[in-house]
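Okay, structure first, notes after.
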Amino acid sequence: MKVALIGLGTTGKIVAEFLFQKQVLSLVLCRKNSSAAAGKDLGEVLHRPYMAVPVETTDNLEEKLTKYKPDILIDFSSPAFLREHLTTLARCNVNVVTAVTGYTQMDIRRVKVLARKRKIGVVLAPNITRGVNVTLLMAQIAAILQPDYDFQVIDENHRNKKDSPSGTAEKIAAAIMKGLGTPHGDERQVPIYSIRAGDITGRHRVMACGPYDQIEITHTAFSRKAYAEGAYQAAGFILAKTGLYEMKDVYGFSNYSGERTCEVAESTPAHVYA
Ligand SMILES: NC(=O)c1ccc[n+]([C@@H]2O[C@H](COP(=O)([O-])OP(=O)(O)OC[C@H]3O[C@@H](n4cnc5c(N)ncnc54)[C@H](OP(=O)(O)O)[C@@H]3O)[C@@H](O)[C@H]2O)c1
């Protein structure tokens, strides 16, 4: 598997190191005109010895993809990149794992249509770690079992994080709403509180409060390497696939959502959860 990476920011640099160690990284792309990394070897950018991984701008992207022939592009940049370049990636048969957050519903619909029409594989991964995906399931199950509780999501991230609330917080709110049986698109009914401070790597908490007690589900990321590992697994998953997928598909959690968890909730005796 040959991987190209776009985005060499706070997270992208960690992902680049991880992919290099896995010996799959063949190209790093950066924004045209604005990056001091363009034209250098990745080793120089990361203050490491020579890595033999070129950092190129996204100018003439098609030429560069044809030259380096990556199978997968991993995206840790911003929504603007895929908006501008998805059709080029499709033309070059490069599948995509995008960890970027902040896509609009219209962006997502466009990716879905293009993935089907142009037969490329895309993993949309606003929540890329396995731990967050387990948290999503736990939040949904809590909502199924305690629908009368007041659910809140608290989203804590580093001070430079651009989107607020985070994509993960929105996903958790959506999972809770699904568990509560509220129609899609009503996520705002679960309040999300965002804190942006210092270098918090990422912490998401679900609080469910009843009249006599409180349930808390917390996911704390210790290291941005968790994002890199998730992206690497997603790349392996999407290598020979077409269509649009989420991380629950990558981790094999698809069968645990929706109706199936409802059945478990209804048929499992209460003492099992006590
Ligand atoms: N899914 C997850 O679990 C997860 C985890 C961590 C991060 N993320 C997401 O990943 C993205 C990056 O996060 P970060 O914290 O690393 O942000 P960051 O530090 O701001 O880095 C963003 C990087 O992307 C580049 N970039 C931005 N727009 C671009 C464009 N149109 N074309 C090419 N390059 C572009 C920037 O280049 P310049 O230096 O030239 O501006 C910078 O190198 C965010 O959307 C974040 O929410 C997701």
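In this text, all values refer to a predicted model and were calculated from it rather than measured experimentally. Position 1 is the first residue of the sequence, and the numbers go up from there. Counting starts at 1 for both ligands and their atoms, following the listed order.
With a heavy-atom cut-off of 4.0 Å, Val132 does not touch ligand 1 at all. At a 4.0 Å heavy-atom cut-off, ligand 1 touches Ala125 through the backbone alone.
The distance from atom CD1 of Ile74 to atom CG of Leu29, rounded to the nearest 0.5 Å, is 12.0 Å. Taken to the nearest 0.5 Å, the CG atom of Asn157 stands 7.5 Å off from the OG1 atom of Thr168. Asp213 contributes atom CG, which lies 3.5 Å from atom OH of Tyr149 (distance to the nearest 0.5 angstrom). Interatomic distance, Asn127 CG to Thr135 OG1, rounded to the nearest 0.5 Å: 10.0 Å.
Ligand 1 has a nitrogen or oxygen under 3.5 angstrom from a nitrogen or oxygen of Ile128. Between Thr10 and ligand 1, a contact under 3.5 Å exists for at least one N or O pair. Where the criterion is an N or O separation shorter than 3.5 Å, residue side chain and backbone included, Tyr227 fails it with respect to ligand 1. Where the criterion is an N or O separation shorter than 3.5 Å, residue side chain and backbone included, Ile6 fails it with respect to ligand 1. For ligand 1, the polar-atom distance check against Cys30 finds no nitrogen or oxygen pair separated by under 3.5 Å.
Residue Gly102 places no heavy atom under 4.0 Å from ligand 1. At least one heavy atom of Leu8 sits closer than 4.0 Å to an atom of ligand 1. Using a 4.0 Å cutoff on heavy atoms, Glu84 does not count as a contact of ligand 1.
In this structure, Asn133 contributes its side chain and Arg130 its backbone to no donor-acceptor pair below 3.5 Å. With hydrogens and angles ignored, the 3.5 Å screen pairs no side-chain donor or acceptor of Asn95 with any backbone N or O of Ile72. Remark: the backbone N or O of Asp163 is paired with a side-chain donor or acceptor of Arg196 at under 3.5 angstrom. Under the 3.5 Å distance criterion, the side-chain polar atoms of Tyr103 are left unmatched by any main-chain donor or acceptor of Ile108.
Every atom of ligand 1 with a heavy atom of Lys161 under 4.0 Å away is listed here by number and element: 47 (O). Near Ala80, meaning under 4.0 Å from any of its heavy atoms, are these atoms of ligand 1: 31 (N). Close contacts between ligand 1 and Val100 involve ligand atoms 45 (O) [criterion: under 4.0 Å to a heavy atom].
In this comparison of Ala221, Gly167, Ser77, Ala99, the heavy atom closest to atom 26 (N) of ligand 1 sits on Ser77. Relative to atom 20 (O) of ligand 1, the option among Arg224, Lys162, Met247 with the closest non-hydrogen atom is Lys162.
Cation-pi contact between Lys64 and Tyr68: absent, since separation from the ring centre below 6.0 Å together with deviation from the ring axis within 45° is not met.
In the model, His158 has no side-chain atom that pairs as donor or acceptor with a side-chain atom of Thr10 under 3.5 Å.
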